[in-house]
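Written below as structure tokens is the structure these notes are about.
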Number of protein chains: 2
Amino acid sequence: MKKIDILKKLRSSGLRPTKQRVEIAKFLFEREKTFHFTVESLNKLLTKKSISKIALATIYNTVHAFKAAGHLSEVEVRGNKTYFDTNVSNHHHFYDSETAELIDIDANDIIIQKIPKAPNGKKIKNVEVFINLKN
Amino acid sequence: MKKIDILKKLRSSGLRPTKQRVEIAKFLFEREKTFHFTVESLNKLLTKKSISKIALATIYNTVHAFKAAGHLSEVEVRGNKTYFDTNVSNHHHFYDSETAELIDIDANDIIIQKIPKAPNGKKIKNVEVFINLKN
DNA sequence: ATCTAGTTTATAATTGTTCTAAAGTGAAAA
DNA sequence: TTTTCACTTTAGAACAATTATAAACTAGAT
Ligand SMILES: [Mn+2]
Ligand SMILES: [Mn+2]
Ligand SMILES: [Zn+2]
Ligand SMILES: [Zn+2]
């Protein structure tokens with residue numbers, strides 16, 4: 001992902017491209033593979049990597065803005081930390097509880113044959129499959 | 001579920017059947033349908049229902065003991081509260097984010113036709129399907 | 001009845017997250 | 001340029017969920 005795309009991504013989220021936001025955005029989006037993270041882990045990685053320290057509140061704010069703009073999604077994982085995902089397409093996950101690591105599964109790699117109908121007046125918004133792993 | 005079963009359930013968990021634990025256990029297990037709850041919601045319901053007040057720490061302790069003994073399971077729901085489930089069999093859920101309500105789906109009501117193989121050396125422990133609802 | 005390990009409880013501590021309000025910054029107007 | 005002002009960052013406070021602590025309190029064995 002190019003620098004110009006990072007700036008586009010920020011502006012399209014209604015975010016001014018400040019030093020901190022650019023740094024966060026580059027860290028999140030300039031990579032080949034999906035990145036799954038918690039705010040805590042992101043903060044640690046950013047602290048390790050960058051010269052300038054970014055306040056935790058700024059990381060929360062920026063991550064939430066990206067989520068609101070649809071550039072990040074939230075993944076549910078047991079425990080009380082919130083996991084985010086740079087893959088915003090409809091997909092599924094393996095979860096390795098040993099390493100607390102998520103692995104993407106492409107939506108096409110899981111086919112559900114039979115599914116119950118939604119209850120009284122409700123509709124199905126989406127279906128998430130979560131595959132727990134063991135050794 | 002009979003009183004005798006409640007006592008059995010407690011003893012089988014290595015828990016002495018104290019007044020508080022019996023009260024919690026009866027509230028959780030003496031019902032027809034699955035019960036999904038958070039510690040907060042359970043605490044409110046118990047406070048409303050029973051004469052004696054049970055300390056929050058006791059509720060946490062008891063719920064965790066039941067979970068450890070396999071009498072309760074944990075369900076992952078977006079947000080930072082932990083959800084518990086009296087249904088400990090392998091099953092799936094509808095989730096209505098409007099009402100923050102979980103609805104059980106029998107394991108047999110979902111058939112997965114295609115599933116990717118587990119990564120390097122890992123095995124599949126279980127598969128959880130989470131169906132988000134909308135209106 | 002006595003003893004003891006297990007239990008309950010109020011409260012403190014910890015953890016993850018959100019809020020606040022003061023200081024900082026930058027693009028555009030004057 | 002300087003000024004302006006809305007937007008940002010930040011440290012720390014506040015808040016919410018959970019876990020730890022340690023003193024008072026049983027239940028059940030002796
Ligand atoms: Mn979670
Ligand atoms: Mn959760
Ligand atoms: Zn993912
Ligand atoms: Zn359930």
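Within every chain, numbering begins at 1; the chains are lettered A, B, ... in the order of the sequence lines, protein sequences first and strands thereafter.
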Inter-axis angle, terminal five-pair segments of the helix from C:dA1-D:dT30 to C:dA30-D:dT1 [nearest 10°]: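 Rounded value for the end-axis angle: 0°.
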All pairs passing ring-ring contact (aromatic ring centres under 6.0 Å, His included) where residues 97-125 of chain A contributes a residue, at least two apart: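 Qualifying pairs: none.
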Qualifying ring-ring contact (aromatic ring centres under 6.0 Å, His included) pairs with a residue from residues 116-135 of chain A, counting only residues at least two apart or across chains: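 Listed by first then second residue: A:Tyr95-A:Phe130.
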Please list, chain by chain and in numerical order, all residues satisfying side-chain contact (heavy atoms from CB on, under 4.5 Å) with [X], sequence neighbours excluded.
X: A:Gln113; value: B:Ile111, B:Gln113
X: A:Thr47; value: A:Asn43
X: B:Lys44; value: B:Glu40
X: B:Asn126; value: A:Asn132, B:Glu128

Interatomic distance, B:Thr86 atom OG1 to B:Phe29 atom CZ [nearest 0.5 angstrom]: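 Atom-to-atom, B:Thr86:OG1 and B:Phe29:CZ are 7.0 Å apart.
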Quick test: give all pairs of protein nitrogen or oxygen and nucleotides 7-14 of chain C nitrogen or oxygen below 3.5 Å, distance rounded to 0.1 Å.
residue : atom : partner : partner atom : Å
C:dT7   : OP1  : B:Arg16 : N            : 3.0
C:dT7   : OP1  : B:Arg21 : NH1          : 2.5
C:dT7   : O5'  : B:Arg21 : NH1          : 3.4
C:dT7   : O5'  : B:Arg21 : NH2          : 3.4
C:dT8   : OP1  : B:Thr18 : OG1          : 2.4
C:dT8   : OP2  : B:Arg21 : NE           : 3.4
C:dT8   : O3'  : B:Gln20 : NE2          : 2.7
C:dT9   : OP1  : B:Gln20 : NE2          : 3.2
C:dT9   : OP1  : B:Lys53 : O            : 3.4
C:dT9   : OP2  : B:Ala55 : N            : 3.0
C:dT9   : OP2  : B:Thr58 : OG1          : 3.1

Shared-cluster residues of A:Val88, by chain and number - hydrophobic side chains joined below 4.5 Å: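 Same cluster as A:Val88: nobody, lone residue.
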May I have the list of side-chain donor-acceptor pairs in residues 115-124 of chain A shorter than 3.5 Å, sequence neighbours left out?
residue  : atom : partner  : partner atom : Å
A:Lys122 : NZ   : B:Asp96  : OD2          : 2.7
A:Lys122 : NZ   : B:Asn135 : OD1          : 2.6

Spacing between A:Ile59 atom CD1 and C:dG16 atom C1', to the nearest angstrom: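 Between C1' of C:dG16 and CD1 of A:Ile59: 14 Å.
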Boundaries of the DNA chain D segment in contact with chain B, non-hydrogen, under 4.0 Å: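 Nucleotide range with atoms under 4.0 Å of chain B: D:dA17 to D:dG28.
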What side-chain donor-acceptor pairs closer than 3.5 Å can you find for residues 60-74 of chain A, not counting sequence neighbours?
residue : atom : partner : partner atom : Å
A:Asn61 : ND2  : A:Ala57 : O            : 3.2
A:Thr62 : OG1  : A:Thr58 : O            : 2.7
A:His64 : ND1  : A:Tyr60 : O            : 3.4
A:Lys67 : NZ   : A:Glu74 : OE1          : 2.6
A:His71 : NE2  : A:Ser12 : OG           : 3.2
A:His71 : NE2  : A:Ser13 : OG           : 3.3
A:Ser73 : OG   : A:Asn87 : O            : 3.1

